[in-house]
Amino acid sequence: MEEHLSLKEKEQAEEVMIQQAFQELLNDYLATKHRKRVEIITKAFNFANHAHKGIKRRSGEPYIMHPIAVAKIVCNEIGLGSTSICAALLHDVVEDTDYTVEDIENIFGHKIAQIVDGLTKISGGIFGDRASAQAENFKKLLLTMSDDIRVILIKIADRLHNMRTLGSMLPNKQYKIAGETLYIYAPLANRLGLNRIKTELENLSFKYEHPEEYAEIERKLAATAAERDKVFQEFTAPIRAQLDKMGLQYHILARVKSIYSIWNKMQTKHVPFEEIYDILAVRIIFKPNNMEEELNDCFDIYLAISKIYKPHPDRLRDWISHPKSNGYQALHVTLMGNNGQWIEVQIRSERMDDVAEQGFAAHWKYKEGGGSEDEGELERWLRTIKEILDDPQPDAIDFLDTIKLNLFASEIFVFTPKGELKTMPQDATALDFAFSLHTDIGTHCIGAKVNHKLVPLSHRLKSGDQVEILTSKAQRIQPEWENFVTTARAKAKITEILRREAKANQQKGESLLRDFLQKEGVPFDASAIDRLTNLHNFHTPDELMVAIGSGKLVLGDADRNLFKEKGGKNWKKLLSFSFGKENKDAKEGKEEAKPAEGKSEKIDTKKILKLTEEAISKEYIMAECCHPIPGDDVLGYIDEHNRVIIHKRQCPVAVKLKSSYGNRIIATQWDTHKDLSFLVTIYVRGIDGVGVLNEVTQVISRQLNVNIRKLIIDATDGIFEGKIQLYVHDVDDVRTICNNLKQLANIKEVSRIED
């Protein structure tokens, strides 16, 4: 009886907690400027609460707490209204309970049901273990965006809450979800202008993937906070005085670079935390006296502060005259502070700040209470995605890559010969520009004139360029074009046309080969085709057919002689010597796969895999792309041969695998004791001088008796740089060597690199 009572008390306590959380959501909603549709939100909450009753999350809390938390994010952090809040409360009902989309429509109407349906489509679907459920879900996600962009905004809110509560998940699930977040959701949030959410998603992903580095940077940020605050106060004091004199209503904020951004810069620039100089930026947010003067006020503030501090001539970013395609508007100027450091100042109005933090949600056409605005750039982006989805890539990873090209891209502004302004992603080429005008123009493009000078198709455009595309009807798409276009639209179109041409050539090649074999009296079967494929060093029979169909390969005497040879059974043995590198690699792959095939037990992805010396020597493969060593943050990937391949967690290949084959990821842990040696490459750069090389080698050979395998040093104009390949036991060895090399007077930069 007592036990029963305590259970009842527990249920009552949970109900109080749920009602309290919902009341907080209602209070947040009532504080917004949206129409006060409390009744429908309450109805959605009661419906969801009843549907999820008795169901618990992995953390042990009632399941309904998740939809309430997502609805709070939708309301407070994205700024959406009652329709979106209801859809957020109901977003898991159809997937997790017996209710259908029709039930939702009957009770809540078409619009809410449509959004819930879109969210269900993203999560649902049975894909099994073979292909990537994540990539398939991503296609669905993008398709549903076209119907109503609120679908993706609620999905991003759902992902943000999942990331905030990721601690209760198994480690291999953490890596999958964190990797997918960094690869897909953070760039999507960025593209939709959700700057604050993008930053938090990146930071949380980084925190779970690299906990030690995260804690280290967090500690260093805290240790330098007082110093940064002093710089901020001193730097902004004269600016405040000037803005007060101008009679403006404003507030000034210090913006500290995110932990993930700092780490990313440390990785790409190979510099320590202490050498990241743009950790602090300053944001001036003002209230214009009237909206007509908003843009002028931005430039007035710029002129006023550039009289106080000297501006950097190349670092004025005018996102006011030309807003980014996600709606972002601000004026960025970099000023030289009195401490000798450059500090970026972002100038924006309150309206611009809302758009910067909430993106499209701050000003979009579906806004409750009316207010239809033309979101031309968003529409164009969605249309590009739809075009790519109409011809989806066969490979999930290729598909994600194609889309991602445009997710992360910064923008440049270029002009047509008539002076029309076009927005293109940064690093776009002349050929990308041609395809952005029309597929026909891209297909027949032979070159371009940039600022009246002739340039090749691969020429990278810069902001302010005036571009004229030159075409010829005789021109056809070339396979190498795929290597230098950077926009998703151009890449998708080129791939589609090449694939279409290859298919036509394949059919033609098949017909020609059939005729040829018929004349020789040889049956048109797999055996004959395989022999010809091997003879001409093609990977697949399809490649052989395409080559014959396109005229690149003309069948002749060598092919006839092939079928006149005696003892066909030994033919394959002979081929293995002439098959070239591919055959050798394939053979090695098979040999490598043998141990795994011999193992009958299935690897349990839920358990953490211990990387012992014995297992590394016999069972697991260290990835060639990133050369992980003990101490690196790593994960395992189970390939199709049931082999475990160990990758660094931040390795680009691993990032793709986490996003596309998350169900094959396994959490791993080093359990080595300095018995094995691993090859690493150390990069050094510094001032050239007599005996520098001797000092470097002395430090390395003195430290831990490390063996140098290879040393390449190059000196130019008094600066030397070098790569040293050496054997180490783990990351601690690398750290010790790098720290000791940094002590040398002439050495200015030391880092471990992937060679």
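These numbers were taken from a predicted model, which means no experiment stands behind them. We use all heavy atoms of the structure for the numbers below, so side chains are in, but hydrogens, waters and symmetry mates are not.
- What you find for Val74 and Ser84 is that their closest heavy atoms are CG1-CB, 3.7 Å.
- Annotation: Lys449, atom NZ; neighbour count of heavy atoms from other residues, nucleotides and ligands within 6.0 Å does not exceed 12.
- Of the possible donor and acceptor atoms, none in the side chain of Ser261 sits under 3.5 Å from a partner among the backbone N and O of Lys257.
- Side chain of Arg489 to main chain of Ser436: no donor-acceptor pair is present (N/O by atom type, distance under 3.5 Å, no hydrogens or angles).
- Looking only at side-chain heavy atoms (C-beta outward), Tyr29 and Ile41 come within less than 4.5 Å of each other.
- Checked by atom type and distance alone, the side chain of Lys491 pairs as donor or acceptor with a backbone atom of Glu482 at under 3.5 Å.
- Annotation: Asn289, atom CG; neighbour count of heavy atoms from other residues, nucleotides and ligands within 6.0 Å does not exceed 12.
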| message | Show, in sequence, the C-alpha distance, side-chain angles and deciding distance for Glu357 and Arg348, and conclude whether the salt bridge (Lys or Arg N to Asp or Glu O under 4.0 Å) test is met. | response | CA-CA 12 Å; Glu357 296 307 324; Arg348 50 169 88 153; 3.7 Å; yes
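- Leu201 CG to Ile156 CD1: the interatomic distance, rounded to the nearest 0.5 Å, is 7.5 Å.
- Residues Leu188 and Ile152 come closest through the heavy atom pair CD1-CD1, 3.5 Å.
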| Lys230 and Glu227: CA distance, side-chain angles, deciding distance, salt bridge (Lys or Arg N to Asp or Glu O under 4.0 Å) verdict | CA-CA 5 Å; Lys230 185 171 173 249; Glu227 187 190 324; over 6 Å; no
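- Side-chain contact check for Ile279 versus Arg228: some heavy-atom pair is nearer than 4.5 Å.
- Taking CD of Glu293 as the reference point, atom OG of Ser349 lies at 13.0 Å (rounded to 0.5 Å).
- Heavy atoms from other residues, nucleotides or ligands lying under 6.0 Å from NZ of Lys310 number 12 at most.
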| message | One pair to check against side chain to side chain contact (heavy atoms under 4.5 Å, CB included): Leu119 and Lys155. What are the steps and the verdict? | response | CA-CA 7 Å; Leu119 288 158; Lys155 185 62 192 173; 4.0 Å; yes
| field | Intermediate values then yes/no, salt bridge (Lys or Arg N to Asp or Glu O under 4.0 Å), Glu420 and Lys422 | value | CA-CA 7 Å; Glu420 192 186 337; Lys422 294 272 183 191; 3.7 Å; yes
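- In this model, no donor atom of one side chain and acceptor atom of the other lie less than 3.5 Å apart for His332 and Asp318.
- Tyr250 places a side-chain N or O within 3.5 Å of a backbone atom of Arg240 that can act as its donor or acceptor partner.
- Atoms CG and CG, from Asp300 and Leu248 in turn, are 8.0 Å apart once rounded to the nearest 0.5 Å.
- Remark: Lys72 NZ is packed, more than 12 non-hydrogen atoms of other residues, nucleotides or ligands lying under 6.0 Å away.
- Screening Glu202, Arg159, Glu209 for a side chain to side chain donor-acceptor pair (under 3.5 Å) involving Thr181 leaves a single residue, Arg159.
- In this structure, Gln242 contributes its side chain and Ala304 its backbone to no donor-acceptor pair below 3.5 Å.
- Counting only heavy atoms from C-beta outward, the side chains of Val282 and Leu335 never approach each other to under 4.5 Å.
- Remark: Arg164 engages Glu77, Glu200 in a salt bridge (charged side-chain N to carboxylate O under 4.0 Å, His left out) (not counting sequence neighbours).
- In this structure, Phe413 CZ and Leu461 CG are separated by 13.5 Å, a value rounded to the nearest 0.5 Å.
- Side-chain rings of Phe206 and Trp263 approach one another, their centers coming within less than 6.0 Å.
- Under the side chain to side chain donor-acceptor pair (under 3.5 Å) criterion, Asp465 pairs with Asn451, not counting sequence neighbours.
- With a 4.5 Å cut-off on side-chain heavy atoms, Tyr302 and Cys298 do not count as touching.
- Minimum interatomic distance between Leu431 and Gly442 (heavy atoms only, all atoms of both residues): CD1-O, 3.8 Å.
- Looking at Tyr260, its side chain never comes within 3.5 Å of a backbone N or O of Ser205 through a donor-acceptor pair.
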| How far apart are the C-alpha atoms of Phe235 and Asn338, what are their side-chain angles, what is the distance that settles it, and do they pass the side chain to side chain contact (heavy atoms under 4.5 Å, CB included) test? | CA-CA 7 Å; Phe235 179 78; Asn338 294 331; over 6 Å; no
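- Minimum interatomic distance between Val271 and Lys265 (heavy atoms only, all atoms of both residues): CG2-O, 4.3 Å.
- Using a distance-only test at 3.5 Å, with no hydrogens or angles considered, a donor-acceptor pair links the side chain of Thr165 to the main chain of His161.
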| request: Output, in order, the C-alpha distance, side-chain angles, deciding distance and verdict of side chain to side chain contact (heavy atoms under 4.5 Å, CB included) for Met352 and Glu294. | output: CA-CA 10 Å; Met352 293 172 189; Glu294 185 187 41; 3.9 Å; yes
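- Scanning all heavy atoms of the two residues, the minimum distance from Pro272 to Met266 falls at C-CG, 4.2 Å.
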| task | Evaluate the criterion salt bridge (Lys or Arg N to Asp or Glu O under 4.0 Å) for residue pair Glu274 and Lys220; output intermediate values, then yes/no. | result | CA-CA 9 Å; Glu274 292 68 28; Lys220 287 182 176 177; 3.5 Å; yes
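- Asp28 places no side-chain N or O within donor-acceptor distance of the main-chain N or O of Leu25, the cut-off being under 3.5 Å.
- Counting heavy atoms from C-beta on, the side chains of Trp319 and Leu331 never come closer than 4.5 Å.
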| request: Check the pair Glu344 / Gln346 against side-chain hydrogen bond (donor to acceptor under 3.5 Å, both in side chains), numbers first and verdict last. | output: CA-CA 7 Å; Glu344 184 182 74; Gln346 301 166 356; 3.1 Å; yes
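- Thr83 has its side chain within reach of Arg150: a pair of non-hydrogen atoms, C-beta onward, lies under 4.5 Å apart.
- The shortest distance between side-chain heavy atoms of Tyr328 and Pro323 does not fall below 4.5 Å.
- Side-chain N/O atoms of Asp432 and Thr486 include a donor and acceptor closer than 3.5 Å.
- Taking the side chain as every heavy atom from C-beta outward, Tyr309 and Ile343 never approach each other to under 4.5 Å.
- Listed by chain and residue number, Arg351 satisfy the side chain to side chain donor-acceptor pair (under 3.5 Å) test with Gln329 (two or more places apart in sequence, or in another chain).
- The aromatic ring centres of His444 and His438 sit 6.0 Å or more apart.
- Here the shortest heavy-atom pairing between Phe484 and Thr429 reads O-CG2, 3.3 Å.
- From Asn190, atom CG reaches atom NZ of Lys198 across 5.0 Å, with rounding to the nearest 0.5 Å.
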| task | With side chain to side chain contact (heavy atoms under 4.5 Å, CB included) as the test, would you mind laying out the steps for Ile347 and Ile305 before giving the verdict? | result | CA-CA 11 Å; Ile347 304 163; Ile305 63 175; 4.0 Å; yes
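- Rounded to the nearest 0.5 angstrom, His210 NE2 and Ile259 CD1 are separated by 13.5 Å.
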